[in-house]
Protein chains: 2
Amino acid sequence: MSTIYEVSKLAGVSIATVSRVLNNNKVVNEKTRRNVLDVIEQLNYRPNASAKSLASQITDSVGILVPEFHGPFYGCLMGSIEKTLRAKNKYALVASGQSSEEIEKKSIEFLISRNCDALVLHVEALSDEYLIELSKKNTPFVLINRYIEEISHHCIYLDNEHGGYIMAKYLLEQGHRNFAYISGPLQKSDSKGRYLGVQQALLEYDISLNESLFYQGNFHQECGSKAMKKFINSNVGFTAVICANDQMAIGALLVAHEKGIDIPRDVSFIGFDNSILAQYSYPELSSIDNQVENIGEMAANWVLKYVYQEPLKDIEHILKPRLINRNSVSTLIERFIYIS
Amino acid sequence: MSTIYEVSKLAGVSIATVSRVLNNNKVVNEKTRRNVLDVIEQLNYRPNASAKSLASQITDSVGILVPEFHGPFYGCLMGSIEKTLRAKNKYALVASGQSSEEIEKKSIEFLISRNCDALVLHVEALSDEYLIELSKKNTPFVLINRYIEEISHHCIYLDNEHGGYIMAKYLLEQGHRNFAYISGPLQKSDSKGRYLGVQQALLEYDISLNESLFYQGNFHQECGSKAMKKFINSNVGFTAVICANDQMAIGALLVAHEKGIDIPRDVSFIGFDNSILAQYSYPELSSIDNQVENIGEMAANWVLKYVYQEPLKDIEHILKPRLINRNSVSTLIERFIYIS
DNA sequence: TTGTAGGCGTTATCAG
DNA sequence: CTGATAACGCCTACAA
């Protein structure tokens with residue numbers, strides 16, 4: 001691999017000049033710039049990243065920490081971050097935190113020790129205090145899908161409450177009045193937000209959730225199945241099941257199938273996340289888009305703007321979810337009209 | 001951030017000695033090592049990665065190139081690679097190739113220019129020639145799920161032929177004799193392998209595939225649906241549909257549902273990949289495990305063994321798929337016995 | 001067993 | 001506008 005010295009020698013200039021053209025420093029004469037550029041091409045010279053980092057304190061790399069790489073959410077998130085970063089010649093260094101406080105902590109140190117210019121964090125186990133403390137250190141970071149007031153400028157997240165609101169609202173508008181709700185773990189802020197949003201919509205119609213038609217799950221499929229069984233056994237009537245994510249919705253669908261329930265004729269279902277599962281389920285599941293790609297892009301833009309001084313317009317910190325309608329919700333209104 | 005100089009000063013030794021204890025060089029006296037270690041702890045010293053790389057020509061980072069980050073396969077792959085690497089304090093740098101020859105090429109240069117010690121490549125558009133040429137350059141690499149004879153030592157891949165064989169064999173053993181087959185694009189080696197394996201199993205039973213019961217798709221869901229429609233319209237009888245991946249199987253399932261076909265009573269289905277979709281489909285889909293995690297781990301081990309000289313046992317280059325049985329295949333034999 | 005000193009390939013400050 | 005030259009922080013012969 002050729003070095004800046006060889007370029008300077010062949011071009012008949014000093015390494016300082018070569019460095020200037022490499023970094024687009026305006027002061028160099030157009031003629032010498034051309035000449036240097038030619039030699040660079042000719043030698044197929046590529047600057048050494050380590051040397052550059054050592055001298056400039058900039059690595060052009062940003063660390064991404066997510067709980068895990070598989071699953072529909074994090075892949076998309078990383079994908080859109082990398083794509084956005086990459087367009088500006090920045091590198092993505094990745095690590096998984098596995099939802100363990102210790103591993104998340106270590107991963108952050110791991111990434112910092114690699115001199116990442118910035119971090120994008122989707123952490124679950126780390127405390128607010130730790131993150132607030134981290135914000136006082138040297139490495140800037142963005143926090144995905146988590147809101148901490150003291151460092152709100154670092155936070156980019158989905159408006160879960162609005163998401164919960166629109167999913168319930170939609171069902172209400174279709175004429176549904178009797179709901180079952182499968183929640184995520186309520187100590188998690190996203191679950192809480194979704195639940196609050198749902199309740200708010202119900203409140204507007206003076207409806208409250210029957211206790212036997214509420215189930216708190218952990219976002220996995222099996223909970224959805226358990227929940228559905230509980231609902232059916234309760235013998236309390238309902239026409240729609242609202243699920244805090246798609247996986248639990250699928251779990252519930254499976255049980256409904258087993259029990260011979262016709263979907264959406266007998267019972268409607270709506271999920272959250274608009275994950276790939278929603279498209280592939282039977283029937284295809286109506287769901288709430290979680291904006292994962294936009295969030296990733298926004299996070300990358302945050303870094304580009306505030307860390308790399310790229311001229312970008314304002315960062316949106318709160319992303320709004322949208323309803324994606326498929327085939328799992330029936331309109332009671334139409335049917336009613338039709339029948340009568 | 002403290003440097004090696006500060007450590008050396010406080011410990012009363014030279015930086016060379018500090019460097020030695022950092023790199024576990026045996027020659028240093030146990031007492032001075034302890035002392036240095038203490039000071040390192042005390043100062044919370046972390047070696048500067050850029051400086052280390054510049055001096056040693058080793059970055060401890062390996063580049064991973066996959067077509068995309070989302071989807072069930074690549075997330076798992078990256079996850080298992082990162083986990084394995086991470087356990088040995090190596091970093092994962094990621095890039096997406098987007099199945100475009102140009103982008104794949106640029107991504108490789110991108111990763112090489114970052115001084116990756118090695119690459120793990122899952123590329124689709126790049127030619128064999130390019131990769132063979134690449135193998136002559138400085139940066140070692142592993143090639144995932146692709147076999148090129150000239151650089152076979154670099155290749156780690158699934159035995160697709162065996163996978164095709166066991167999926168057909170299993171159905172045969174359950175008494176099925178009339179098959180429909182939904183293939184992937186046959187110019188791709190994995191599709192070809194799976195197809196060959198299936199044919200081989202059929203051959204053992206003197207069965208050949210009816211042309212109207214063959215469909216070449218592109219691994220996406222819609223193809224599965226189209227294929228299923230074609231099969232049904234052909235009016236040729238079949239009791240089982242063999243699908244070259246899960247997504248197409250799901251597409252076919254959807255159509256089967258629409259047509260009121262009872263699965264698996266009327267028709268059995270089997271997929272390939274054992275992706276998350278297989279668990280979440282209705283009915284849960286029997287499938288062939290594609291060993292993605294083992295492949296990722298093996299690739300990382302390849303790098304650890306041959307690039308970082310970690311003492312590891314032999315690398316398996318060909319991974320064997322396994323049958324994962326769920327609820328989408330019926331046994332004709334039992335039914336026959338039962339009826340008679 | 002330890003220390004000295006040159007080198008890794010850039011960037012950036014000062015003179016010129 | 002260009003050129004010397006001192007960092008940047010670490011590794012590694014070579015010497016002692």
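Every chain is numbered from 1, with letters handed out A, B, ... down the list of sequences.
Side-chain atoms of B/A55 lie closest to D/dG9 of the nucleotides D/dG9, D/dG3, C/dT10. For B/N48, the listed nucleotide lying nearest its side chain is D/dG9; candidates were D/dT12, D/dG9, C/dG3. Here the side chain of A/V27 is nearest to one of C/dT2, D/dT2, D/dG9, namely D/dT2. Among the nucleotides D/dC1, D/dC10, C/dT2, the one closest to any side-chain atom of B/T17 is C/dT2. Checked against C/dT10, D/dG9, C/dT2, the side chain of B/V28 finds its nearest nucleotide in C/dT2. Here the nucleotide nearest the side chain of A/L54, chosen from C/dG9, C/dT10, D/dC10, is C/dG9.
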Give me, pair by pair, the N or O atoms of the protein and of nucleotides 14-16 of chain C that are less than 3.5 Å apart, along with how far apart they are.
none

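One can place CD1 of A/I15 at 15 Å from P of D/dT2, the figure rounded to the nearest angstrom. One can place CG of A/N29 at 5 Å from P of D/dT2, the figure rounded to the nearest angstrom. What separates CD1 of A/I4 from C1' of C/dT11 is a distance of 8 Å, to the nearest Å. At whole-Å resolution of the value, CD in A/E30 and C1' in D/dT2 are 16 Å apart. In this structure, CD1 of B/I58 is placed 13 Å from C1' of C/dC8, rounded to the nearest angstrom. Across the protein-nucleic acid pair, A/R33 atom CZ and D/dC1 atom P stand 10 Å apart, rounded to whole Å. Across the protein-nucleic acid pair, A/D60 atom CG and C/dG9 atom C1' stand 15 Å apart, rounded to whole Å. We find that CG of B/N115 is positioned 11 Å from C1' of C/dC8, with the value rounded to whole Å.
Atom CD of A/E149 is surrounded by 12 or fewer heavy atoms from other residues, nucleotides or ligands within 6.0 Å. Shown here is A/E101, whose CD atom has more than 12 heavy atoms of other residues, nucleotides or ligands within 6.0 Å.
An OP1 or OP2 oxygen of C/dT2 is reached within less than 4.0 angstrom by a side-chain nitrogen or oxygen of B/T32. Listed pair A/Y45 / C/dT10 meets the phosphate criterion, a side-chain N or O lying under 4.0 Å from OP1 or OP2. For the pair B/S14 and C/dT4, the criterion of a side-chain N or O lying under 4.0 Å from OP1 or OP2 is not met.
A distance below 6.0 Å separates the ring centres of B/Y157 and B/Y147. In this structure, the ring of A/H154 has its center less than 6.0 angstrom from the ring center of A/F141.
The aromatic rings of A/W302 and A/H153 sit tilted relative to each other, their planes meeting at an angle between 30° and 60°.
Within 4.0 Å of A/T3, counting heavy atoms only, lie sugar-phosphate atoms of the nucleic acid but no base atom. B/V18 comes within 4.0 angstrom of no nucleic acid atom, judged by non-hydrogen atoms across all strands.
Remark: the backbone N or O of B/N25 is not paired with any side-chain donor or acceptor of B/N23 at under 3.5 angstrom.
When every heavy atom of A/N89 is checked against every heavy atom of A/D60, the shortest pair comes out as O-CB, 4.1 Å.
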Candidate pair A/I112 and A/L134, rule side chain to side chain contact (heavy atoms under 4.5 Å, CB included), full reasoning
CA-CA 11 Å; A/I112 290 180; A/L134 186 64; 4.2 Å; yes
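Comparing A/K26 and A/A16 by the nucleotide of DNA chain D whose heavy atom lies nearest to each, the residue mapping closer to the 5' end is A/K26.
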